[in-house]
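Read the numbers this way: they start at 1 and go in the same order the structure lists the ligands and their atoms.
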Amino acid sequence: MPSDEGGRADALFLRAARRQPTPVTPVWLMRQAGRYLPEYRALRSRYAFLELCRTPEAAAEVTLQPVDRLGVDAAILFADILLILEPLGRGLEFGKGEGPVIHRPVRSEADVKALPAIDVDAAVPFVFETVRLVTRALAGRVPLIGFAGAPFTVASYLVEGGPSRDYLHTKRLMYASPGAWTRLMEILASATARYLNGQIAAGADAVQVFDSWIGVLSPDDYRTFVLPHMRALIAAVTPGTPVIHFGTGTAALLGLMREAGGDVIGLDWRVDLDAAWDLVGHDVGVQGNLDPAVLLAPPAVIRERVKAILERAAGRPGHIFNLGHGVHRETPVDHVRAMVDLVHELSARG
Ligand code: CP3
């Protein structure tokens, strides 16, 4: 049953766009700026990743590149979820190709106790400046989505020291030192709230919280070790700004994520969009959920898969088309453009 409530997230999103509701399903992509784009690679060849983030003119350019090239309905800030960790002095580095590294990971209760406070405004003024530059350049053409990592996902990098398969160091700290875990979550949740609210004050129209690796937890552990901190974080976001709450591997966690908050719940491709929407409730919006690997297939296959997702959304307001996770580096740009055009074409209504 289509519900008016379902439209609330859509209306919020579109109000944020400062324009009339579009007659089509809005679409934007996670990691729509990145190495699959030749113009990104060209700029990136002149800067190390962190340097690019710290140079507002260049970061603004990267943010804007996909908007024209792909015809998406939102820009997503070019920055990173780990930038707020720099003032902790644990040796954050973005190595070539293998993703981020933290040279001195936080593994013990004593490590957590020794963490200094994070002064977000002093740490990432360049991010807020990038938001100002992008907002000015967009002039309301499409909304700008700001973002941050969720405390669990950011903690997983800080504790593991980089990407992980089993998250054993993170889980050991959580289970063996619950007091230290709580303290760590509180430090990260409060810094993250400031990070998001700084982006909003600088002009971001909506924000997305990435809990990319939360799917490694059981529902009981999510409830105990994560939910209170997510709830506090989302509640601390400047009122009136739509929050998109995203994770992967979350089929068993969607109800709890919804409890934690967010105007829109981000879905990965491992769930059926209609069943997931019924589960989280039609008084929130959903975003998703094409498998990004589908973009490697020929356009005819992409068309079938896009159609299937739009059929599950059934024209209800409150659906934002997106991938279930980020664009892969190997993705042909033409396929991405074709997908965006298809969503607009197939969802056009009255
Ligand atoms: O359009 C966009 O979405 C780009 C903005 C963006 C980046 N990182 C830029 C980036 C966003 C939204 C992020 C979030 C982010 N960063 C997440 C959550 C999103 C997700 O995909 O789950 C995570 C887990 C990180 C941490 C991080 N930063 C990783 C794992 C990596 C390596 C990624 C890779 O493909 O190697 C980074 C570096 C990074 N962040 C790149 C980009 C474009 C690649 C850096 C490069 O050019 O070498």
Exercise. Does Glu109 have any salt bridge (Lys or Arg N to Asp or Glu O under 4.0 Å) partners at least two apart in sequence or in another chain, and if so, which?
Worked result: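 Not a single residue meets the salt bridge (Lys or Arg N to Asp or Glu O under 4.0 Å) criterion with Glu109.
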Between ligand 1 and the protein, give all atom pairs where both partners are nitrogen or oxygen and the distance is under 3.5 Å, as lines of names plus distance to 0.1 Å.
| unit_1 | atom_1 | unit_2 | atom_2 | d |
| --- | --- | --- | --- | --- |
| ligand 1 | 1 (O) | Gln32 | N | 3.0 |
| ligand 1 | 1 (O) | Ala33 | N | 2.9 |
| ligand 1 | 3 (O) | Arg31 | N | 2.7 |
| ligand 1 | 8 (N) | Asp80 | OD1 | 3.1 |
| ligand 1 | 16 (N) | Asp80 | OD1 | 3.0 |
| ligand 1 | 21 (O) | Arg31 | NE | 3.0 |
| ligand 1 | 21 (O) | Arg31 | NH2 | 2.8 |
| ligand 1 | 21 (O) | His325 | NE2 | 3.1 |
| ligand 1 | 22 (O) | Ser212 | OG | 2.5 |
| ligand 1 | 22 (O) | His325 | NE2 | 2.6 |
| ligand 1 | 28 (N) | Asp80 | OD1 | 2.7 |
| ligand 1 | 35 (O) | Arg35 | NH2 | 2.5 |
| ligand 1 | 36 (O) | Arg35 | NH2 | 2.4 |
| ligand 1 | 40 (N) | Asp80 | OD1 | 2.9 |
| ligand 1 | 47 (O) | Tyr40 | OH | 2.5 |
| ligand 1 | 47 (O) | Arg44 | NE | 2.7 |
| ligand 1 | 48 (O) | Arg35 | NH1 | 3.3 |
| ligand 1 | 48 (O) | Arg44 | NE | 3.3 |
| ligand 1 | 48 (O) | Arg44 | NH2 | 2.7 |

For this session: Measure centre to centre between the rings of Phe246 and His325, then say whether the value is under 6.0 Å.
Result: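 Yes, the ring of Phe246 comes within the 6.0 Å limit of the ring of His325, centre to centre.
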Exercise. Passes side-chain contact (heavy atoms from CB on, under 4.5 Å), Arg54 versus Glu86? Steps please.
Worked result: CA-CA 12 Å; Arg54 284 197 198 104; Glu86 276 211 295; 2.9 Å; yes
Problem set entry | Criterion side chain to side chain donor-acceptor pair (under 3.5 Å) on His229 and Glu186, from CA distance to verdict | CA-CA 7 Å; His229 308 290; Glu186 286 171 356; 5.1 Å; no
Problem set entry | With Phe78 via ring-ring contact (aromatic ring centres under 6.0 Å, His included) - residues at least two apart |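 If we apply the ring-ring contact (aromatic ring centres under 6.0 Å, His included) test to Phe78, skipping adjacent residues, the hits are Tyr40, Phe49.
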Hey, can you pull the donor-acceptor pairs under 3.5 Å for the side chains in residues 207-214, sequence neighbours left out?
| unit_1 | atom_1 | unit_2 | atom_2 | d |
| --- | --- | --- | --- | --- |
| Gln208 | OE1 | Gln287 | NE2 | 3.3 |
| Asp211 | OD1 | Thr153 | N | 3.3 |
| Asp211 | OD1 | Thr153 | OG1 | 2.6 |
| Trp213 | NE1 | Tyr157 | OH | 2.9 |

